[in-house]
Amino acid sequence: MGKSGGGGPVFRITGARSSLTEDVRGRQRRYVVSMLVRTLCVLLAVIFWDVQRYVAFVALAGGVLLPYFAVLIANAGREKAPGLPSTFAVPAETPLMLGPGGTGGGGAAPAAPGARDE
């Protein structure tokens with residue numbers, strides 16, 4: 001089973017999505033980071049409660065609201081596949097659509113058989 005030297009089509013997978021395992025791992029990582037930030041917010045609320053009450057309220061609001069957004073981000077679904085490469089290449093000089101007479105749409109129709117040029 002050697003390499004074939006044929007000139008068959010070569011397909012690239014550069015536009016393929018990441019595997020499901022990598023996707024789940026990334027979501028778990030984002031969720032854990034969000035929960036660490038939430039823990040930090042709750043600790044800041046406790047620390048600043050008697051020092052600066054408004055900072056404590058902001059930190060407490062972050063600690064209360066962050067889990068909701070963390071779950072939304074973690075359950076957002078898989079990323080969309082990036083733009084896939086074209087499966088075939090059309091040379092630039094090849095007209096995509098031919099008009100009357102095969103002239104690319106701009107020419108006149110060919111003369112009918114038996115017509116005289118005047």
Side-chain angles (χ1 to χ4, degrees):
M1 307 262 324
K3 293 183 182 180
S4 64
V10 176
F11 298 100
R12 297 188 302 177
I13 60 167
T14 57
R17 293 194 298 189
S18 61
S19 69
L20 184 60
T21 305
E22 290 175 7
D23 184 56
V24 169
R25 187 178 303 131
R27 288 188 204 192
Q28 288 174 342
R29 191 176 309 126
R30 286 190 300 267
Y31 185 77
V32 167
V33 168
S34 298
M35 290 301 103
L36 288 174
V37 171
R38 175 188 186 235
T39 303
L40 181 65
C41 285
V42 171
L43 289 175
L44 285 175
V46 170
I47 291 170
F48 285 113
W49 189 257
D50 286 329
V51 180
Q52 292 181 342
R53 187 75 44 116
Y54 65 92
V55 174
F57 279 125
V58 170
L60 192 60
V64 169
L65 296 176
L66 197 59
Y68 173 76
F69 292 109
V71 169
L72 283 181
I73 291 170
N75 293 331
R78 296 187 73 181
E79 77 280 355
K80 295 187 181 211
L84 298 175
S86 177
T87 56
F88 60 92
V90 178
E93 64 273 356
T94 304
L96 295 178
M97 203 172 199
L98 297 177
T103 60
R116 285 192 242 161
D117 290 345
E118 295 182 22

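- In this structure, CG in Leu20 is found 10.5 Å from CZ in Arg25, a value given to the nearest 0.5 Å.
- For Gly63 against Pro67, the heavy-atom pair with the smallest separation is O-CD, 3.4 Å.
- Taking CZ of Arg29 as the reference point, atom OG of Ser34 lies at 12.5 Å (rounded to 0.5 Å).
- Cluster annotation: Val51 is not connected to Val46 through the hydrophobic network of ILVMFWY side chains, with a link wherever side-chain heavy atoms come within less than 4.5 Å.
- Atom CD of Gln28 is separated from atom CG of Asp23 by 10.0 Å, given to the nearest 0.5 angstrom.
- Applying the side chain to side chain contact (heavy atoms under 4.5 Å, CB included) test between Phe48 and each of Val58, Leu60, Val55 identifies Val55 as the sole match.
- Arg53 places a side-chain N or O within donor-acceptor distance of the main-chain N or O of Trp49, the cut-off being under 3.5 Å.
- The cluster map of Ile, Leu, Val, Met, Phe, Trp and Tyr, joined by side-chain heavy atoms under 4.5 Å apart, puts Tyr54 and Leu40 in the same cluster.
- A donor-acceptor contact shorter than 3.5 Å is absent between the side chain of Arg38 and the backbone of Leu66.
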